[in-house]
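Residue numbers begin at 1 in each chain, while the letters A, B, ... track the order of the sequences.
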Amino acid sequence: MKVYTQNDKVKIKLKVNGEEQEVEVEPRRLLVHVLRDLGYTGVHVGCDTSNCGACTVILNGKSVKSCTLLAVEADGSEILTIEGMAKDGKLHPIQEAFWEKHGLQCGYCTPGMILQAYWFLKHNQNPTEQEIREGISGNLCRCTGYQNIVEAIKLAAEKIRQNPQEYLRLA
Amino acid sequence: MKRTDVVEPLRGRGGFVDDFDYKGKYVSFVRSPYPHARILKIDYTDVTRKGGHVFTGKDIRLSAVRAGEREGGETSSILARDKVRYLGEPVTMIVGDDPYLLEDLKELVVVDYEPLEPISSIERALKDDVLVFENLKSNLVLSRETSFGSLPKNDKQIELELYWSRSSGNPIEPYAAVVIPQGDSLKIISNQQAPYAVIQEVEKAVGVKINHIPARHGGSFGAKFSLSKYLTVLAYASKKLDLPLKWIETRTEHLLASNSSGPERKFKARAYFKPSGEVTGLDFEIWEDIGASTFAGQPFKPTGILAGPYKIRNIRYLVNLVATNKNPPGAFRGAGTPPHTWALERVMDNIADELGIERSTVRKINLIDSFPYEAPYAVYESGNPRKLLELALSRNDLFSLRNNNIGVGIATSTDPSTPSGSEGVRLSIKNGKIVIGLGYGPEGQGNEDSARILVSKFLDIPIDMVEYQIMDNMTAPQSFGPGGSRMAAFLSGAIAGASEELLARLRRKAFSILGEGLEYKSGHFYNDRGKLSITQLGEENVDFIFSLQSKTRFNAYPFACDVAVVRVDEDKITPIKQVVYIDSGVPIDEDLVKEQVIGGTAIGISLALYESYKYSDDGYLLTTSLADYGMPSAADLPEIEVNIEYTPSTSNPYGAKGIGEIPVGVAAAAVTSAVEDVIKRKITKIPIVPL
């Protein structure tokens, strides 16, 4: 294990939404803050205790809360954020489904919720309602009562089943 | 209808305060580790030596400003002076280069405290041997009675002791503000709720002109009214230092010290009734735990719905405000009405049980059955709550689920949705587009899309021709924005007025081109000489302020009836389904009404079962994370079905009613009733403790 002192600056490499990024960070700096500093401000902060999931990103294929990782731990990793979901301006089917089913109101939990949904649907393209509810239970929403989010993920599953290779290749 | 206002957040480009480009200093607060203590000395020389700027409560000089029309407290400084009165109360404000470095600087502040005995309950406070505010001589800071008619002497009586726990909005985005000096004035970008109105108070308190840019909110639910106390000190410091400052609250800070919680209320609720089930009088005495503050608005909002949807005319409502060593309250969805609705429904259930009649029967007997109905305290202009109840009772699919473990409960309610007041909009024609300008930060309810729908209806044009724009406080003609459930009525009124004025102006222009005999249809003026689109008549800006004043404070009363289905196992209560029948007035957009009602219902269910700020006997907050607090996940909430059954309101040109808040209390009441249906014991507190 490498030991850093407080005044060290560490150079790390990240591949975010396919873009190579090289950045110098304080070793104590959280991944979420580094991503936001790099301009990926769709990665939100809603708590400081790993409860809310607004900062959820996909890191090396896994859904993670980017507030619980130090940026140095993510060195060399590939990351998908909400900014990488739409392609050429066209919304990803999960984003479309959230729009069509009113799966968001204020929109603050939405990026994390959508990335969690992406990871969940990657592993289960035929989910039951209960599986969806449990699958997103690490992401908190205060506006919707979750109902329209659950409906959106059901619809997203339908859309993704049309072409899973295309829609699930982002991470 | 699909909402256009959510497309940017869907892409991760919401434009929240923390997303704006910023160069400048950051702010953090050193907070009290004690719930109650005297501040003896603050030593921050090491911070100053390292280049940080420090402000204590004594450094901040503000003018006293009373808060305007909202249920939250005053516009004052958030920093403690002489004494700290709740855990997490800010003691010093530190300005530094970066939030991480600020954490280091905060370690260097040394505060000497003399801990005092903390007051963490109403009962303890009322002993008055330890005072939260010594100058007030008592922890009972105010008692105020409202009464109508006279309470019956010879009728049957029941008396209930009830308790509604402290909870709060907890929007997923916490407080956030950026303050930038601009010559003699300041520019502020923040997620302040009711910014146009509140910024005027901040300007007076600090003595500086402010240009406020309302950012999109990641939810508010009433919480963000209370940002103002932080804005005052940020504005003061920015002006004093002539430096840009940014502050983003953490969730832990929000839970400890946001001054934004909902009501914590103890009731002694007495009701008088006839053997028939007719309720003849209500005598409610309440004790509101208002934390470390000297006034709160939430216990008084129920004066707009004292007897709820029932025709009870003899009423006494005695409010006692009790100061304790807790985070002062602000406002939370309903701003004090959900516990009142819940308590009224507890009373109805208990009367039914006492008389051995159906719980629905006692409601049928007492529900208002003729409108407009002039209650002693308000005018309910339209409604048909008995129909809502009948529809609910027709749901055999739900009632047939009852068994040893599954209970069904019903509840009915109304809400003082729309306080009297005003709201301004600017309706413009610019570059061939129709633009509706609004003066507040979008909070998520979709009012911006409602505004587009209303413009399209009042101007008789396709909705795609209409855009919305958020205006700063220098541009907006006037605004309050979302608060209570006022936007349906106020936007209807303001946009109807603006549309009428715009068409009158355009008609004069069209007349000068086409002459007499003009007709108007689908965005065009026409006569036998030709046809002109409203976008071909040059630029226009129409400011219109809609005012709504009535004999009593509130207007546009909606009604609701809920059916809750819950499963009760040995150690767990699971909500299975919740069905809502709602009189929303004329819905501006049915999808938006349903979004709001589902969201509010979810909060009501959650308050009945999960959420609570818990304090130890010695005044320490035990629920310092969202998990400890009981914030529900998708797995904790049931399917919610919403059915709209409306009667038009007469308070505004569209006939809309406010429906953001009514779902909360009625949902909590129905869930409580459903749990009782299984356990056959009386529930007197929420959240309901598993058996």
Side-chain angles (χ1 to χ4, degrees), chain A residues 6 26 28-30 33 36 40-54 81-86 89 91 95-96 98-100 102-114 129-130 132-150 153, chain B residues 2-3 5-14 16 18-19 98-100 104 169-174 216-221 248 250-254 442-446 591-592 594-596 598-603 605-606 624-628 631-640:
Chain A
Q6 199 191 335
E26 249 191 288
R28 63 175 169 174
R29 202 159 181 83
L30 297 171
H33 292 137
R36 290 187 57 83
Y40 304 102
T41 53
V43 189
H44 294 158
V45 181
C47 75
D48 47 349
T49 48
S50 309
N51 296 123
C52 80
T81 73
I82 188 71
E83 288 88 350
M85 293 292 287
L91 295 178
Q95 289 170 307
E96 278 177 6
F98 269 68
W99 192 17
E100 285 166 33
H102 294 250
L104 70 163
Q105 289 182 25
C106 80
Y108 198 78
C109 75
T110 309
M113 199 65 88
I114 284 177
E129 168 150 350
Q130 195 53 34
I132 296 174
R133 286 183 178 272
E134 280 161 21
I136 59 167
S137 63
N139 291 67
L140 299 176
C141 167
R142 191 54 155 169
C143 297
T144 64
Y146 302 102
Q147 176 144 322
N148 290 342
I149 293 177
V150 173
I153 295 175
Chain B
K2 271 186 4 182
R3 284 170 58 172
D5 62 306
V6 296
V7 178
E8 290 304 298
L10 261 178
R11 294 178 179 276
R13 299 193 301 233
F16 299 99
D18 200 14
D19 303 345
D98 163 82
Y100 282 71
D104 300 339
N170 266 311
I172 305 295
E173 178 206 36
R216 185 190 293 273
H217 298 208
S220 179
F221 316 103
I248 307 287
T250 67
R251 177 63 49 189
T252 306
E253 289 180 301
H254 190 81
E443 294 172 15
Q445 303 97 332
D591 286 328
L592 280 182
K594 288 186 177 176
E595 279 188 9
Q596 281 301 302
I598 292 170
T601 301
I603 286 178
I605 296 167
S606 180
T624 55
S625 75
L626 287 172
D628 294 340
M631 189 80 134
S633 79
D636 300 318
L637 290 170
E639 183 196 347
I640 298 163

### Message
Tell me whether A:Arg36 is salt-bridged to B:Asp18, with the criterion being a basic N under 4.0 Å from an acidic carboxylate O.
### Response
yes
#### Entry: Carboxylate-amine/guanidinium contact B:Glu595 B:Arg3, below 4.0 Å
yes
Does any part of the side chain of [Y], heavy atoms only, come nearer than 4.5 Å to the side chain of [X], both counted from C-beta?
{"X": "B:Pro632", "Y": "A:Arg142", "value": "yes"}
{"X": "A:Cys109", "Y": "A:Asn139", "value": "no"}
{"X": "A:Met113", "Y": "A:Cys141", "value": "yes"}
{"X": "B:Leu592", "Y": "B:Gln445", "value": "no"}

Heavy-atom proximity to chain B below 4.5 Å, by part of [X]:
{"X": "A:Thr144", "answer": "backbone"}
{"X": "A:Val43", "answer": "neither"}
{"X": "A:Thr41", "answer": "both"}
{"X": "A:Leu104", "answer": "both"}

### Exam field: side chain B:Ser606 to backbone B:Ile603, donor-acceptor pair closer than 3.5 Å
no
### Message
Quick one: does any side-chain atom of A:Arg133 pair with a main-chain N or O of B:Ala634 as donor and acceptor, under 3.5 Å?
### Response
yes
### Summary
Given B:Ser220, B:Gly169, B:Gly600, the one with more heavy-atom pairs under 4.5 angstrom with chain A than any other is B:Gly169
Residue among [options] with most heavy-atom pairs under 4.5 Å to chain B:
{"options": "A:Leu91, A:Ile114, A:Val150", "answer": "A:Leu91"}
{"options": "A:Thr49, A:Leu140, A:Ile132, A:Leu30", "answer": "A:Leu140"}
{"options": "A:Gly107, A:Gly46, A:Gly145", "answer": "A:Gly46"}
{"options": "A:Ala54, A:Cys47, A:Gly42", "answer": "A:Cys47"}

Which answer fits [X], side chain, backbone, both or neither, if we ask what part of it has an atom under 4.5 Å from a heavy atom of chain A?
{"X": "B:Arg13", "value": "neither"}
{"X": "B:Asp628", "value": "neither"}
{"X": "B:Phe16", "value": "side chain"}
{"X": "B:Glu443", "value": "backbone"}
{"X": "B:Asp636", "value": "neither"}
{"X": "B:Pro174", "value": "side chain"}

### Task
Would you please classify the geometry between the A:His44 ring and the A:Tyr108 ring as parallel, tilted or perpendicular, with 30° and 60° separating the classes?
parallel
### Query
Where do A:His102 and A:Asn148 come nearest, in terms of heavy atoms and distance?
O-CB, 3.0 Å
